[in-house]
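Structure record follows, encoded as structure tokens.
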Amino acid sequence: ANEIFNYKNNYLNVDILFYLKKWEQFWKNRELTYFDPNYNQNIVVLFSMISKKNFTPCIEPEIQLIDFYWQNDFSLGQFIEFICLNSENICNDNCQLPLKDHYRSYVHDNGKIDIFIDLDDSNIIHNNIMTWSVCNNCNEQTPILQLSDNSYKYSFGKYLELIFWFNNEFDLKILNNNNNNNNNDETTNTPHCHCKDNKQHSFDFFKDCTHFFSFRNYKVKFVYSKID
């Protein structure tokens, strides 16, 4: 039995090394240009983490490159779970406050996304991620639905890009919550308000709404704001 295990283990290692070498050869001599599709598979942000108690940064602003679906990225669902499960961890020796008493800030172009985490007693019985959005103009709320598999697996970096650069040609069904396909508003999970019908204001679902996610007994909030 040990011989069979060792044989399979060695065979697997050789197989992995073979494909790793092929991958390295593919990228080694390749110079990415603006016209290469791989050039645009990332987003550069200015990241910082700020204390909610004294509004000072515990992590000073630093440039981060997030490669979509790569080692320095999360899936959206993994990100929500990670910050909720680690919310009680202490920030650092100087701060001595839990991470839940901080918010994360991502700056890109002329916009900023602040991510807050708060207690949410309404979701303590759920081991699934729930999600909803609230219109910033009229406070109308979408249905509270379980995060779909597509949304859970969606790149966190790509989700940030979607908020910063959303255009109306994007198909919201890519991020659908398809628990109820009989209702278009629930399928795309957009608000029932009439702000999106206002001809004098171009409604942007990702910028004009605050987006919530809840997991265990915590609630995560994504807030977009424009900066000068």
Side-chain angles (χ1 to χ4, degrees), residues 45-62 64 66 73-108 111-148 151-152 154-160 162-164 175 177 179 186 189-193 195 204-227:
V45 294
L46 187 67
F47 168 77
S48 58
M49 189 166 69
I50 299 140
S51 168
K52 291 192 286 188
K53 299 291 185 184
N54 50 33
F55 300 101
T56 57
C58 290
I59 297 179
E60 295 285 344
E62 61 183 33
Q64 287 189 357
I66 304 176
D73 192 12
F74 288 90
S75 75
L76 178 59
Q78 287 173 331
F79 177 82
I80 300 301
E81 291 173 347
F82 176 80
I83 63 173
C84 289
L85 294 174
N86 291 280
S87 60
E88 298 291 343
N89 292 353
I90 299 300
C91 173
N92 58 48
D93 293 336
N94 296 325
C95 176
Q96 288 297 313
L97 290 173
L99 292 175
K100 68 182 180 182
D101 291 333
H102 301 72
Y103 68 93
R104 293 164 168 80
S105 182
Y106 297 85
V107 177
H108 178 81
K112 178 168 68 91
I113 300 170
D114 293 324
I115 302 177
F116 299 86
I117 180 168
D118 297 293
L119 286 172
D120 180 26
D121 295 334
S122 64
N123 199 37
I124 56 175
I125 61 172
H126 292 290
N127 286 322
N128 296 318
I129 299 174
M130 309 301 290
T131 182
W132 67 98
S133 299
V134 177
C135 177
N136 296 331
N137 300 314
C138 66
N139 291 322
E140 283 289 335
Q141 178 180 311
T142 66
I144 299 175
L145 300 172
Q146 181 178 331
L147 192 70
S148 67
S151 298
Y152 183 97
Y154 199 72
S155 159
F156 171 69
K158 194 72 177 172
Y159 185 71
L160 294 180
L162 194 58
I163 298 176
F164 286 122
L175 286 173
N177 288 282
N179 298 340
E186 290 189 9
N189 209 23
T190 55
H192 292 280
C193 66
C195 296
D204 187 323
F205 171 67
F206 288 97
K207 291 185 179 69
D208 293 332
C209 291
T210 297
H211 306 283
F212 294 89
F213 301 87
S214 65
F215 179 67
R216 300 288 174 87
N217 56 334
Y218 288 101
K219 175 172 61 180
V220 180
K221 178 171 66 173
F222 286 65
V223 182
Y224 174 86
S225 59
K226 202 167 184 180
I227 57 177

Indicate yes or no: at least one non-hydrogen side-chain atom of Ser151 is less than 4.5 angstrom from one of Thr131. no

Under 3.5 Å, side chain of Thr142 to main-chain N/O of Ser133, donor-acceptor pair present? yes

Find out whether the Lys NZ or Arg CZ of Lys207 is both under 6.0 angstrom from the six-membered ring centre of Tyr224 and within 45° of the ring's axis. yes

Considering all heavy atoms of both residues, which atom of Ser105 and which atom of Asp114 are nearest to each other, and what is their separation? OG-OD1, 3.0 Å

Start with the C-alpha distance between Tyr218 and Leu119, add both sets of side-chain angles, then the distance that settles side chain to side chain contact (heavy atoms under 4.5 Å, CB included), and finish with yes or no. CA-CA 4 Å; Tyr218 288 101; Leu119 286 172; 3.4 Å; yes

So, applying ring-ring contact (aromatic ring centres under 6.0 Å, His included) with Phe79, which one of Tyr154, Phe213, Tyr152, Phe156 is it? Phe156

Which pair of heavy atoms, one from Cys91 and one from Cys58, lies closest together, and at what distance? SG-CB, 3.6 Å

So, using salt bridge (charged side-chain N to carboxylate O under 4.0 Å, His left out) as the criterion, who are the partners of Asp101 when residues are at least two apart? none

Can you find a pair of side-chain heavy atoms, one from Asp73 and one from Lys158, that are under 4.5 Å apart? no

Side-chain touch Phe222/Thr210, heavy atoms, less than 4.5 angstrom: no

Within the 4.5 Å heavy-atom criterion, are Phe215 and Leu85 side-chain neighbours or not? yes

Closest non-hydrogen contact found for Gly157 with Ile66 is CA-CG2, 3.8 Å

Rounded at 0.5 Å granularity, tell me how far CG in Asn86 sits from CD1 in Ile83. 9.5 Å

Do Ile117 and Cys84 touch side chain to side chain, with heavy atoms closer than 4.5 Å? yes

Looking at every heavy atom in both Leu147 and Gly77, which two are closest together, and how far apart are they? CD2-CA, 4.3 Å

Show the numbers, then the answer: is there a side chain to side chain contact (heavy atoms under 4.5 Å, CB included) between Ile59 and His102? CA-CA 10 Å; Ile59 297 179; His102 301 72; over 6 Å; no

As an exercise, state the distance from OG of Ser225 to CG of Asn136, rounded to the nearest 0.5 Å. 10.0 Å

Check whether any side-chain heavy atom of Phe116 sits under 4.5 Å from a side-chain heavy atom of Lys52, and report yes or no. yes

When rounded to the nearest 0.5 Å, the distance separating CG of Asn137 from SG of Cys209 is 8.0 Å

How long is the straight-line distance from CE of Met49 back to CD of Glu62, given to the nearest 0.5 Å? 10.0 Å

Could you tell me the separation between the CG atom of Leu162 and the CZ atom of Phe205, rounded to the nearest 0.5 Å? 9.5 Å

Measure the shortest side-chain to side-chain distance between Glu81 and Ile129 over non-hydrogen atoms and say whether it is less than 4.5 angstrom. yes

Does Arg216 form a side chain to side chain contact (heavy atoms under 4.5 Å, CB included) with Asn127? I'd like the steps, not just the answer. CA-CA 6 Å; Arg216 300 288 174 87; Asn127 286 322; 3.1 Å; yes

Any heavy-atom pair between the side chains of Lys53 and Leu97 that's under 4.5 Å? yes

Testing the basics here: between Ser87 and Pro98, what is the closest heavy-atom pair and its distance to 0.1 Å? O-CB, 3.6 Å

Closest non-hydrogen atom pair, Trp132 against Ser214: CZ3-OG, 3.7 Å

What distance do Ser48 atom OG and Arg104 atom CZ have between them, rounded to the nearest 0.5 Å? 11.0 Å

Parallel, tilted or perpendicular: which one describes the rings of Phe206 and Tyr159, with boundaries at 30° and 60°? perpendicular

